[in-house]
Amino acid sequence: MTLRALLPALAAALLALAAHGVARAEPLVLGLSDELIQVDQRFTGTQLLVFGAAEQPGDIVIVVRGPEAPIAVWHKARVLGIWINHDSMMFASVPRFYAVASTRPLEAVAPAAVLREARIGIENLGFWTVSVQSEERIAEFRHALIALETAARHYDRVTEPVAFMAQRLFRVSLSLPATVPIGDYSVEAYLLSDGKIVARAAKPLRVRQVGFGAAVFAFAHEYPLAYGFLAIAVALMAGWLGGFVFRKQARR
Amino acid sequence: MDIYLPIAELPLNVFVLLGLGLAVGFLAGMFGVGGGFLLTPILIFIGVPPAVAVGSGANQLVATSLSGLFAHFRRGHVDFKMGGVMMAGGLGGSFLGVWAFKQLREIGQIDLVISLSFVAFLLVVGGLMGAESVHAILRRRTGRVRRKAHQHTWVHGLPFKMRFRTSKLYVSAFAPLTIGFLTGVFASVMGVGAGFIMIPAMIYILGMTTAVVIGTSLLQILVVAGVATVLHAVNNQTVDVLLVVLLSAGAVFGAELGTRVGLKLRAEHLRALLALIVLVVAGRLIFTLALPPERLYSLTVIGAP
């Protein structure tokens with residue numbers, strides 16, 4: 001379904017949402033085009049449409065937070081003439097995906113302290129380390145981690161601004177890459193006015209492998225021994241078929 | 001057309017994978033080796049996490065070696081007893097190799113060890129084979145005939161001798177056991193069948209005839225790769241069976257093509273060619289190790305491939 005085809009239906013959903021929200025005096029409501037991203041064998045990335053309605057004027061910031069995991073960052077250095085992983089730092093609670101979009105640039109929307117507290121913005125991701133290295137080194141590794149994940153399109157500072165349509169309805173389209181991490185995400189919307197957060201809303205988003213791929217993944221992790229034997233069986237069958245075809249072997 | 005690989009967790013082009021399998025199968029058919037030495041680095045290059053490349057490479061090796069084994073078996077070129085002893089050693093080697101792989105992965109040095117192992121391995125083998133094949137070509141040119149099938153080395157003085165009928169040998173069991181053990185370690189750490197080490201070792205150290213060497217080595221590779229696959233699947237969950245299916249589909253056709261081309265060449269010319277390929281790959285690896293890397297920093301997610 002193209003986004004364009006989706007829009008009339010969305011507009012209707014939005015109005016209903018907004019009406020509902022206004023009736024119950026909810027200052028901010030949020031909706032997603034998909035609450036479950038299905039990664040099947042044909043997956044090469046997808047678009048996620050985030051939309052909603054705000055009761056009062058202000059700026060909207062949308063944050064998509066992916067599942068958290070510990071990540072080790074490695075630094076290569078030249079040792080005895082060859083380049084090897086020489087130094088490392090481990091970070092805990094690192095979001096494996098992070099996207100942020102807003103109606104105006106973040107610096108214009110709220111002061112740094114407010115953004116930091118709400119963990120809005122790629123500089124404020126909130127992962128930490130217990131490393132005993134210098135502040136400078138820690139900052140270098142942090143920077144490297146952010147640069148690597150940004151290059152992998154796992155961290156995204158969305159350039160397209162959150163757009164306001166009629167009736168305080170807003171929308172923004174986010175792009176999820178082919179290597180989007182599987183797991184539980186949270187999509188958050190913040191309404192800011194005068195540099196303060198006046199309302200927030202959140203919706204869960206699930207990214208899951210489905211179909212054949214999911215079955216394979218689950219099987220590999222839950223029954224690793226059986227999976228190993230199955231993998232061999234598959235290879236043996238392929239080889240046997242090959243032996244059939246591959247009849248003439250050189251005499252050496 | 002892209003397909004999403006469930007264990008590697010990324011989409012890859014189907015035709016690229018089929019083509020890669022074809023190339024690897026071609027090498028197997030032509031030279032009688034696993035082709036894994038090419039497969040693993042290329043898989044890593046196109047974005048497959050190294051651990052998945054090695055685990056899936058070992059799996060694909062099972063398919064390729066079985067395919068070649070059939071042809072040799074029909075001609076009686078397989079010494080099952082010798083293979084059995086080597087396999088006993090190979091089993092121990094596989095366990096050690098997979099355990100070592102896991103430890104190295106945890107301290108983040110797996111890329112380095114894989115690269116260094118590859119370089120050392122390829123240099124030694126390329127050098128040895130190159131020397132041997134050039135010698136054989138020259139010998140043929142000057143018309144000097146080979147003296148006899150077996151030459152007795154210091155190895156033949158070791159205890160625990162056993163009779164190996166198919167290879168027509170009476171030699172200590174320690175020799176094939178050790179060769180098998182080293183093969184197991186290599187297969188598990190690098191995802192390569194180490195046919196390169198086995199074949200010269202069997203010819204020069206054990207004194208087996210070349211025909212039986214290739215068949216028996218394929219048998220050894222098959223079992224060791226199979227064990228390595230299971231161990232990788234259980235310890236690391238890094239075997240992507242969908243990746244293997246696609247590679248094998250290409251490899252089956254490649255092997256057929258490779259055999260036909262290989263038959264048209266003289267044995268010593270073939271060995272010289274293979275030695276050249278191996279040395280070129282080793283050279284390229286050294287180059288990449290010595291030059292400053294494209295990215296100084298890298299990351300690994302704990303608990304994911």
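Chain A is the first sequence line, chain B the second, and so forth, proteins listed ahead of strands; every chain is numbered from 1. Owing to the predicted nature of the structure, the values given are computational and were not obtained by experimental measurement.
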Under 4.5 Å from a heavy atom of chain B, the part of [X] involved:
X      : value
A:V39  : side chain
A:A152 : neither
A:I182 : side chain
A:D87  : neither
A:V73  : both
A:F212 : side chain
A:A69  : side chain

Q | Evaluation steps, side chain to side chain contact (heavy atoms under 4.5 Å, CB included), between A:V234 and B:V62 | A | CA-CA 9 Å; A:V234 166; B:V62 170; over 6 Å; no
Q: Can you tell which part of B:L222 gets under 4.5 Å to a heavy atom of chain A, answering side chain, backbone, both or neither?
A: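 Just the side chain, heavy atoms under 4.5 Å.
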Q | Structural part of B:L242 lying under 4.5 Å from a heavy atom of chain A | A |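 When you check distances to chain A, only side chain atoms of B:L242 fall under 4.5 Å.
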I'd like to know whether [atom1] of [X] has more than 12 heavy-atom contacts from other residues, nucleotides or ligands below 6.0 angstrom.
X      : atom1 : answer
A:R42  : CZ    : no
A:R157 : CZ    : no
A:F219 : CZ    : yes
A:E35  : CD    : yes
A:E135 : CD    : no

Kindly give the heavy-atom pair with the smallest separation between [X] and [Y], and that separation in Å.
X      : Y      : result
A:P224 : B:Q237 : CB-NE2, 4.2 Å
B:Y4   : A:A178 : CE1-O, 3.5 Å
A:Q209 : B:P6   : NE2-O, 3.0 Å
B:S248 : A:A238 : CB-CB, 3.8 Å

Q: Select, from B:V239, B:T229, B:L10, B:D2, the one with the greatest count of heavy-atom pairs under 4.5 Å involving chain A.
A: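 Counting heavy-atom pairs under 4.5 Å, the top option is B:V239.
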(Q) Quick check on the interface: out of B:N235, B:V244, B:N59, who has the most heavy-atom pairs with chain A under 4.5 Å? (A)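 Among the listed options, the one with the most contacts to chain A is B:N59.
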Q.
With rounding to the nearest 0.5 angstrom, report the OG1 to CG distance, A:T44 to B:L12.
A.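 One finds 12.0 Å between OG1 of A:T44 and CG of B:L12.
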Q: Mind checking the CZ-CG spacing from A:F141 to B:L299? Nearest 0.5 Å is all I need.
A: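 A:F141 atom CZ to B:L299 atom CG measures 11.5 Å (nearest 0.5 Å).
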Q) For B:E9 and A:T179, what are the C-alpha separation, side-chain angles and deciding distance, and is it a side chain to side chain contact (heavy atoms under 4.5 Å, CB included)? A) CA-CA 7 Å; B:E9 288 185 359; A:T179 55; over 6 Å; no
(Q) Would you say that A:H143 contacts B:Y297 through its side chain, given a criterion of any heavy-atom pair below 4.5 Å between the two side chains? (A)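 A side-chain contact is absent here, since even the closest heavy-atom pair is not under 4.5 Å.
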**Q.** Side chain to side chain, B:D240 and A:V216, heavy atoms closer than 4.5 Å
**A.**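 Not in contact.
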Q.
I'd like to verify something: which residue of A:Y227, A:F43, A:F229, A:F217 has the highest number of heavy-atom pairs under 4.5 Å with chain B?
A.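 Option with the greatest count: A:Y227.
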